Protein chains: 2
Amino acid sequence: MQPEGRSMRENILAAAVQLFSEYGYHAAPLRDIARLAGIQAASIYHHYPSKQALLVEIMEKHMQQLNSKLERILHEYHDPLDRLREAIANHIRLHTSNKAEFFIIDTELRALEGEHRTRIIAMRDTYDAMIQEILRDGMERGVFHPSDVKVTSYAIIALCTQVSSWFRPGGRLSVQQVIDIYYQMVSQGLVRVPEHKDEQKREESVRT
Amino acid sequence: MQPEGRSMRENILAAAVQLFSEYGYHAAPLRDIARLAGIQAASIYHHYPSKQALLVEIMEKHMQQLNSKLERILHEYHDPLDRLREAIANHIRLHTSNKAEFFIIDTELRALEGEHRTRIIAMRDTYDAMIQEILRDGMERGVFHPSDVKVTSYAIIALCTQVSSWFRPGGRLSVQQVIDIYYQMVSQGLVRVPEHKDEQKREESVRT
DNA sequence: GTCTATATCGGGATAGAC
DNA sequence: GTCTATCCCGATATAGAC
């Protein structure tokens, strides 16, 4: 079932990714992972010390990638709009090219035990902090509307993250189209403004 | 541990809500639920036929509430902006007043078996369809920017749903403040527009 | 490096007394 | 309506042969 060019270690991890994302960590039996990889359950222990180790390896690898790519974007770009667009694009690209892996990251944090949990959550917090830095800087420079930085960052991340739950490669929309739609929405919002009233208007309370 | 005014049936459900949301459905042992409710595991079966039944009852009850409230909003309001604001408010109000329950709905759909799964997913699809109707109508009437209705609906729902994962009652922000921030963001977006250029501009491709 | 066989445990669920 | 005792199964993980 698995391509032959991969090592058994990789085969096992790929099988774990598939089953963890499909049934969840606790509901995916090691025996099934083994069967998908074409070996017996006991043989997994030659490559990994535990089931938990599979989960940790999946999460760590891809969180690291997400973080390091965003870090590079922050160094390369300095205009808040560029940063925002590139951050959204980065998030969506990874969440679509590695759908299953990021779906696991976003749904199985609870399944991590002790140390591992603390470490992965710290990585996620680092990511959050970088997004918040983009927003804070953009607001200070008057490019973004003033607004609650933390809440806004959660909102943007939630938005782009969820892509991994409905996106189908080769489906109706290309990755780039999804990126464009989301960037449009985050930056401009839904509402069309037919005439240009005093822009202070939006600073007032939303509810009349 | 549980208030005395509730029936044991309710006690058990409340315990299940707490543990399912904290550890996940599969990781929450029935014995622990029983202990939280102050009885033995076997006694649960006098009130519920199975562990699965607890999950189904939690999900069905609150999805029904979410749907019926949105349905009423669609009947009461006809202006797209009112509808959007009320839909967001409804979603966020329920997701904050019943944090744990909706967190379960949003993370444990996979844990539903057979029939139940189909039924709950159908309820969710009904909800999606109502949100999409608000968007479609608003775009047709020129109140919203033209954009992909499905993707936009997923985005809004993802945004408002995630509130249940970080919101703390009695925390820094009130429910109404969160609603205002989110409505602001969905309707207006992040980017401040200092001068009012030709509004057709936004219809063009985002990437130069 | 993979196998078969098995240890060990904890899970959901049931039986039947009170 | 709740209890104790227990069934039965499937889970992760280990031992040791090949």
Side-chain angles (χ1 to χ4, degrees), chain A residues 1-59 104 107-108 110-117, chain B residues 1-59 104 107-108 110-117:
Chain A
M1 287 293 156
Q2 303 286 355
E4 293 299 331
R6 282 192 293 196
S7 69
M8 180 52 74
R9 204 186 135 80
E10 289 169 316
N11 273 355
I12 293 167
L13 202 70
V17 165
Q18 185 179 327
L19 294 183
F20 288 171
S21 70
E22 197 167 344
Y23 303 110
Y25 176 75
H26 292 292
L30 215 57
R31 286 178 172 89
D32 290 3
I33 295 173
R35 186 152 26 85
L36 244 181
I39 54 175
Q40 291 298 313
S43 307
I44 288 183
Y45 290 87
H46 180 74
H47 303 275
Y48 295 92
S50 66
K51 185 185 180 183
Q52 175 84 191
L54 287 166
L55 183 62
V56 171
E57 179 141 329
I58 293 165
M59 290 192 169
I104 292 168
T107 54
E108 297 293 351
R110 276 180 307 185
L112 286 169
E113 297 156 15
E115 290 294 298
H116 307 305
R117 179 127 158 221
Chain B
M1 288 291 156
Q2 303 285 354
E4 294 299 331
R6 281 192 294 196
S7 69
M8 181 51 73
R9 203 186 136 82
E10 289 169 316
N11 272 355
I12 295 168
L13 202 69
V17 164
Q18 185 178 326
L19 295 182
F20 287 172
S21 70
E22 196 166 345
Y23 302 111
Y25 176 75
H26 292 292
L30 215 56
R31 286 176 171 87
D32 290 4
I33 296 174
R35 184 152 27 85
L36 244 181
I39 54 175
Q40 291 299 311
S43 307
I44 289 183
Y45 290 88
H46 179 75
H47 303 276
Y48 294 93
S50 67
K51 186 184 182 185
Q52 176 84 192
L54 288 167
L55 183 62
V56 171
E57 178 141 329
I58 293 166
M59 290 194 169
I104 293 169
T107 54
E108 297 293 353
R110 278 180 307 186
L112 286 168
E113 298 156 14
E115 291 293 299
H116 306 304
R117 180 130 159 218

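Chain identifiers are assigned alphabetically (A, B, ...) following the order of the sequence lines, protein sequences preceding nucleic acid strands; residue numbering begins at 1 within each chain. Source: prediction; values computed, not measured.
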Quiz item: What pairs with B:Arg9 under salt bridge (charged side-chain N to carboxylate O under 4.0 Å, His left out), at least two apart in sequence or on another chain?
Solution: B:Glu57
Self-check item: Rounded distance (Å) that lies between atom P of C:dT4 and atom CD1 of A:Ile39
Solution: 12 Å
Quiz item: To the nearest angstrom, how far is A:Arg35 atom CZ from C:dT2 atom C1'?
Solution: 17 Å
Quiz prompt | Pairs flagged by salt bridge (charged side-chain N to carboxylate O under 4.0 Å, His left out) wherever residues 35-44 of chain B is involved - sequence neighbours left out | solution = B:Asp32-B:Arg35
Quiz item: Rounded to the nearest 0.5 Å, how far apart are CG of A:Leu112 and CG of A:Leu55?
Solution: 5.0 Å
Quiz item: When you check every protein heavy atom under 4.0 Å of nucleotides 11-18 of chain C, what one-letter string (B, S, -) results, 5' to 3'?
Solution: BBBBB---
Practice problem: Applying side chain to side chain donor-acceptor pair (under 3.5 Å), name anything that partners B:Glu115, two or more places apart in sequence or on another chain. | Solution: none
Quiz item: Taking NE2 from A:His47 and C1' from D:dA13, how many angstroms apart are they, rounded to a whole number?
Solution: 16 Å
Quiz prompt | Whole-Å distance separating the CD atom of B:Gln40 from the C1' atom of D:dG1 | solution = 13 Å
Exercise. Quickly work out the A:Ile33 CD1 to D:dG10 P distance and round it to whole Å.
Key: 17 Å
Quiz item: Can you tell me if the side-chain N/O atoms of A:Ser43 get under 4.0 Å from OP1 or OP2 in C:dC3?
Solution: yes
Self-check item: Contacts of type side chain to side chain donor-acceptor pair (under 3.5 Å), residue B:Glu22, not counting sequence neighbours
Solution: none
Self-check item: Sequence neighbours excluded - ring-ring contact (aromatic ring centres under 6.0 Å, His included) pairs with any residue from residues 22-56 of chain B
Solution: B:Phe20-B:Tyr25
Exercise. State which residues pass side-chain contact (heavy atoms from CB on, under 4.5 Å) with B:Gln40; sequence neighbours excluded, sorted by chain then number.
Key: B:Ser43
Exercise. Return the angle between end axes of the helix from C:dG1-D:dC18 to C:dC18-D:dG1, with five pairs used per end and rounding to 10°.
Key: 0°
Exercise. List for me each residue that meets salt bridge (charged side-chain N to carboxylate O under 4.0 Å, His left out) alongside B:Arg110, sequence neighbours excluded, and say none if there are none.
Key: A:Glu108
